[in-house]
Amino acid sequence: MKIATWNINGIKARIDNLLTWLKESDPDIVCLQEIKSVDDGFPRLEIEALGYHVETHGQKGFNGVAILSKQSPDEVTRGLPGDDADEQARFMEAVFSVGSGCLRVASIYLPNGNPVDTEKFPYKLSWMQRLEAFAAERLAFEEPLVLAGDYNVIPEPVDCHDPKVWEGDALFRPESRTAFRRLENLGFTDAVRTVDDRPETYTFWDYQAGAWPKNNGIRIDHLMLSPEAADRLGAATIEKHVRAWERPSDHVPVAISLTI
DNA sequence: ATGGTAGAGGTTCTA
């Protein structure tokens with residue numbers, strides 16, 4: 001089973017690229033982030049025509065996540081638990097029946113957190129605490145679980161072109177990296193890191209300042225696996241070529257295969 | 001050269 005995550009930076013601007021990529025890559029489950037659309041505005045018909053079920057959790061203008069899947073989910077929940085006042089659409093979870101029981105997949109759009117001297121940074125850190133609490137709760141289920149998405153965290157210096165440039169940025173601040181590491185310490189596995197100890201590619205290249213032609217990127221899109229999912233991990237690939245397409249997202253798809 | 005680009009939506013925000 002192939003599971004992918006992709007921050008598409010606007011579904012309306014990216015629908016043609018998404019359809020091309022779905023046909024080429026043939027994933028079973030896709031977690032999308034930054035759909036930048038309300039649920040009613042999401043172009044579901046074109047995607048359904050390729051054989052996918054479409055579940056969205058959108059909002060007007062910004063944020064928004066979705067899960068596309070060949071198999072219909074048994075259950076879908078929207079919103080990250082832990083703060084009823086949080087209205088930003090950044091999290092959803094789908095549950096699928098599989099031969100061995102069930103598979104849970106969450107689509108995550110973790111807050112960017114910049115500028116760090118505003119309320120955005122504490123919001124990021126509290127969101128990460130809520131994610132850790134959710135992950136810890138799910139861990140007790142002892143089920144395969146994939147937390148896939150744009151984490152807006154550069155885990156290690158090797159995951160960016162020039163660590164000096166990122167010093168002090170919310171994506172690379174010690175608090176952000178420590179919170180990410182706490183997920184790993186709970187027992188979650190960074191799939192790409194596990195398959196390739198030093199992945200010499202990134203998942204995001206800024207539109208500005210020639211970041212793509214200079215390969216000035218960062219690795220911030222991650223698939224974090226519960227032990228039951230990590231035991232079934234095969235390949236993990238960053239589909240870098242998609243960044244060179246016409247009118248690309250600034251992120252590329254990241255995919256894993258699980259033997260489920 | 002103190003910049004640059006993109007998307008959504010609406011005369012600006014988020015990233």
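Numbers restart at 1 for each chain; the letters A, B, ... are given by sequence-line order, proteins then strands. When reading the values below, keep in mind they use all heavy atoms of this one structure, side chains included, and skip hydrogens, waters and symmetry mates.
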Residues A:Arg243, A:Asp250: salt bridge by 4.0 Å N-O rule: no

Got a sec? Which of residues 207-220 of chain A come in under 4.0 Å of DNA chain B, heavy atoms? A:Tyr207, A:Gln208

Roughly, in whole Å, what's the span from CD in A:Gln33 to C1' in B:dA6? 18 Å

Please confirm whether the shortest side-chain N or O distance from A:Lys36 to OP1 or OP2 of B:dC13 is below 4.0 Å. no

Answer yes or no: is there an ion pair linking A:Asp26 with A:Lys70, defined by an N-O contact shorter than 4.0 Å? yes

Can you tell which of B:dA6, B:dA8, B:dA15 lies closest to the side chain of A:Arg14? B:dA6

With a 6.0 Å cut-off on ring centres, are A:Tyr109 and A:Tyr151 close enough? no

Compare the minimum distances between each of B:dG7, B:dA15, B:dG9 and the side chain of A:Asn63, then state the nucleotide with the smallest one. B:dA15

Among the nucleotides B:dG7, B:dT14, B:dA8, which one has an atom lying closest to any side-chain atom of A:Lys12? B:dA8

I want to verify a distance call: between B:dG10, B:dG7, B:dA15, whose nearest atom is closest to the A:Lys60 side chain? B:dG10

Under the 3.5 angstrom rule, does the side chain of A:Thr20 hit a backbone N or O of A:Asp16 as a donor-acceptor pair? yes

Whole Å only: how far is the CG atom of A:Asp150 from the P atom of B:dA15? 10 Å

From the options A:Trp212, A:Trp205, A:Phe204, select the one residue that forms a ring-ring contact (aromatic ring centres under 6.0 Å, His included) with A:His251. A:Phe204

Answer yes when A:Arg181 and A:Glu184 have at least one side-chain N-carboxylate O distance shorter than 4.0 Å, and no when they do not. no

